[in-house]
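Positions are given from 1, in the same order as the sequence printed here.
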Amino acid sequence: MMTSFRQLSGVRVLDAGHAPFAADLLRAAWGEGGADAVPVRFVADPTLPEGGHRVEVPEQGEVRLVGDPFAGLVYAARALVAAATPAGLPVGSTVSAPGLPLRTLWTWDHSTNWDTRQLGQQEIGALNPYAKSADAFGADYRRLVDFCSRERIGGIVVYGLLRDAHGGVAAARDLCEYANARGVRIIAGVGINAYGGIYFDGRHRYNLATWLRQRPDLAAELPKKVGFDIDEFGDLHFPASEYMMAACPSQPDNLAWHRDAIDWLLDTLPVGGINFETGDYGSCACARCAARTGGERTSWSYEAMRSVYPTLLATARRPGPAGVPLRHLVEVYWDNIFDLDAQKPLADLPDDVAYQYCVNRAFWYDQRDRLTAEHVERLPHTTNVLRTHAGSQWNRQRHSWVPEMYADMAGRSGAAGMRGLTIFAEPSAYHPTNEISYLAYARFSWDPELAWADFWRDEVAPRFGGAAEAEAFRDGAALLDDPAATGAALAAVSADALGMVAATSGEVRRRWLWLAERTSRYAYAAG
C-alpha cells in the first residue's frame with residue numbers, strides 16, 4: 001500500500017502550556033501560523049510509561065501528539081519533526097515506548113566534560129575539588145541534557161550537584177529547570193553518612209563535613225585505608241580530606257539530620273529524583289555498628305542501609321516534575337547481584353524505589369549468563385536496575401569503544417526483567433568512541449530486541465563513511481586500549497585515518513581526525 005503524505009507549511013500549536021519546549025521544537029521546524037497552518041494538539045496521558053508517546057497524522061484535521069506529562073510530549077514532538085520528508089509527513093499513527101523504563105547516565109560534576117573548551121578538566125576521581133570556573137558547570141551539563149533529550153535518555157545522576165564552587169543552589173536550580181523542560185530528570189546524587197551528604201561541598205548546614213565539625217562525636221570510625229578495590233582498576237586510596245569524612249549510621253542524630261536534609265533538598269530544588277548511596281569507601285567500625293552488623297566488614301554495609309533507608313525513603317516519597325513521581329535509585333554496590341545471601345538485610349526495605357546493582361567488566365563477561373528472569377525474580381525487590389563501571393575510567397575504559405557491551409547489557413537486562421540500565425557518561429560525545437557507545441546504549445535500552453546489524457547500518461556506518469570504513473575505525477580505536485600496541489602500529493592507523501580525513505568532510509571528517517590525533521599521541525608516547 002502506498003504511503004500518503006501531509007504537507008505542513010506552518011503549525012498552530014494547541015494545548016502546549018504544559019509542554020512549551022516541545023511546542024518550540026515544532027515552531028522552529030515549520031513556523032507558527034500562516035494561512036495553511038496545520039493544528040497540532042498536545043495531549044498529556046499520565047497512563048503512559050515515562051517517555052511513551054503516540055504521533056497521529058491524519059489526512060485532514062488536527063495532528064495529535066500524545067505522551068506522558070514529563071518526557072513523552074517532548075519525544076513525540078521530536079518524532080514528528082524527524083518524520084518529515086520532502087514529500088511531507090507520512091499519514092498514519094506511530095506508537096513508541098521504552099523497553100527499559102529507567103535509562104540513566106551517571107556522573108560526577110568534577111569530571112563531566114561536555115564543553116571541551118573548558119580549562120580544569122579532570123578525567124577520574126570520586127572525591128575531587130571542582131577545578132573549572134563556576135559557569136563551566138552549566139555549560140557542561142546543558143550539553144549533556146540536550147544529548148539526553150535528543151536520544152531519549154531519561155535522567156542524569158549528578159554527584160556534586162550542590163557545590164559552592166559552581167554556584168550552589170542557584171546553579172543547581174537552573175540546571176534542573178533546563179532539564180525538566182526537555183524531559184530529562186536531574187537525579188541528585190547524595191551520600192548518606194558519606195560522600196559529603198546532601199550538599200556535597202560548601203559551608204552549608206547540610207554538608208556532612210560541616211555537620212561533623214559541629215558534632216565530632218557522631219563521626220564514623222573508618223578503617224585505616226579509605227578507598228576500595230576494583231579488579232580492572234586496582235587498589236584505590238582516597239586522600240585524607242573533608243570529602244571523605246563519614247558519619248556513624250548507628251547514631252540517631254545523624255539519621256534525623258539526613259531526614260531534614262532530604263526534606264530541604266526536595267523543598268529547594270525541582271530535582272527528578274535521588275540516587276542514594278551510603279558510601280563504599282569504608283563502613284563504620286565502632287562498637288555499636290559492630291554489634292548490630294555481627295562483624296560485617298566490607299567497604300560498604302548492608303546493615304547500615306537497612307538502618308537508614310526506611311526513614312529517608314519515606315521522607316523522599318513525593319511527586320516531582322510535571323506531577324509525576326520522583327525517581328529514586330538505591331545503590332546496592334558492585335559485583336554482588338548474584339549473592340542473594342548477602343542481600344538478605346535489604347528485603348525489608350521499601351519496594352517502590354529502584355535498586356541499582358553495579359557490575360564491572362570482567363564480572364559481567366564471567367557471570368552474564370546467570371542474569372536470567374528466574375534470578376531477577378529472586379532479588380529482594382521488584383524494580384531492579386543494572387549499573388556498570390564498564391566503559392568508564394573505573395574499568396580503564398573512559399574513552400573506549402564499547403557499544404557491543406552496552407547492547408549486550410541492555411538486551412540481557414530486558415530479557416531478564418530488569419527495569420533499567422545505568423552507564424557513566426562523563427566524557428563528551430565529541431569523542432567518537434564515546435559517541436557510538438552512548439548511541440548504542442540509547443538505542444538498545446529503548447529497544448532491547450534491536451538487531452545489531454540494523455544499529456550498525458542505520459547509526460554507525462553513516463557516521464564514518466560506510467560500513468567497511470566504520471569497521472576500520474573500530475579496529476583502529478581498539479589499538480588505543482592495547483597495552484602491547486607498538487608505536488609503528490599506532491602510527492599506521494594514524495596515517496590511514498589522515499587518508500580518510502582527506503577523503504571526507506563535515507562530521508565524518510571530524511571523527512577520523514579524532515582517531516588520527518589520538519593514535520598519533522599514543523604512538524608518540526609508545527616511542
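Counting only N and O atoms by type, the side chains of H389 and W334 include no donor and acceptor under 3.5 Å apart. D146 and Y141 share no side-chain donor-acceptor pair at under 3.5 Å. The closest side-chain donor-acceptor pair between S149 and R78 falls under 3.5 angstrom. Side-chain contact, Y243 with D201: a donor N or O sits under 3.5 Å from an acceptor N or O.
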*List the steps, then state whether salt bridge (charged side-chain N to carboxylate O under 4.0 Å, His left out) holds for D447 with R443.*
CA-CA 6 Å; D447 179 7; R443 299 296 179 268; over 6 Å; no

*Dump the intermediate steps for salt bridge (charged side-chain N to carboxylate O under 4.0 Å, His left out) on R203 and D164, then the final yes or no.*
CA-CA 8 Å; R203 295 299 185 258; D164 284 355; over 6 Å; no

_Set out, in order, the CA-CA distance, both residues' side-chain angles and the distance that settles salt bridge (charged side-chain N to carboxylate O under 4.0 Å, His left out) for E177 and R142, then state yes or no._
CA-CA 11 Å; E177 291 173 348; R142 284 192 297 272; over 6 Å; no

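The cationic atom of R361 (NZ for Lys, CZ for Arg) does not lie both less than 6.0 Å from the six-membered ring centre of Y365 and within 45° of the ring axis. A cation-pi arrangement is absent between R103 and Y441, since the terminal nitrogen or guanidinium carbon is not both under 6.0 Å from the aromatic centre and inside a 45° cone about the axis. Stacking of R474 on the aromatic ring of W401 is not recorded, the 6.0 Å distance cut-off and the 45° axial limit not both being met.
Close placement of the Y309 and F276 rings is indicated, their centers lying within 6.0 Å of each other. Ring-centre distance between Y406 and F444: not below the 6.0 Å cut-off. Centroid-to-centroid, the aromatic rings of Y159 and W106 come within less than 6.0 Å. Note: W108 and Y130 fail the aromatic proximity criterion, with ring centroids not under 6.0 Å apart.
Salt bridge status for R396 with D481: absent, with no side-chain N to carboxylate O gap under 4.0 Å. Salt bridge absent: D260 and R205 never bring a charged side-chain N and a carboxylate O closer than 4.0 Å. Ion pairing of R143 with D140 is absent here, as no side-chain N (NZ or NE/NH1/NH2) approaches a carboxylate O to less than 4.0 Å.
Side-chain contact between T388 and M409 is present, with heavy atoms from C-beta onward closer than 4.5 Å. Contact of the Y357 side chain with the D335 side chain is not registered, since no non-hydrogen atoms from C-beta on lie closer than 4.5 Å.
Applying the salt bridge (Lys or Arg N to Asp or Glu O under 4.0 Å) test to every pair with at least one member in residues 370-387, sequence neighbours left out, gives these pairs: E331-R387.
Below 30°, between 30° and 60°, or above 60°: for W446 and H53 the angle between ring planes is between 30° and 60°, a tilted geometry.
No more than 12 heavy-atom neighbours from other residues, nucleotides or ligands sit within 6.0 angstrom of CZ on R419.
Partners of R173 according to the salt bridge (charged side-chain N to carboxylate O under 4.0 Å, His left out) rule, which considers only residues two or more places apart in sequence or in another chain, do not exist here.
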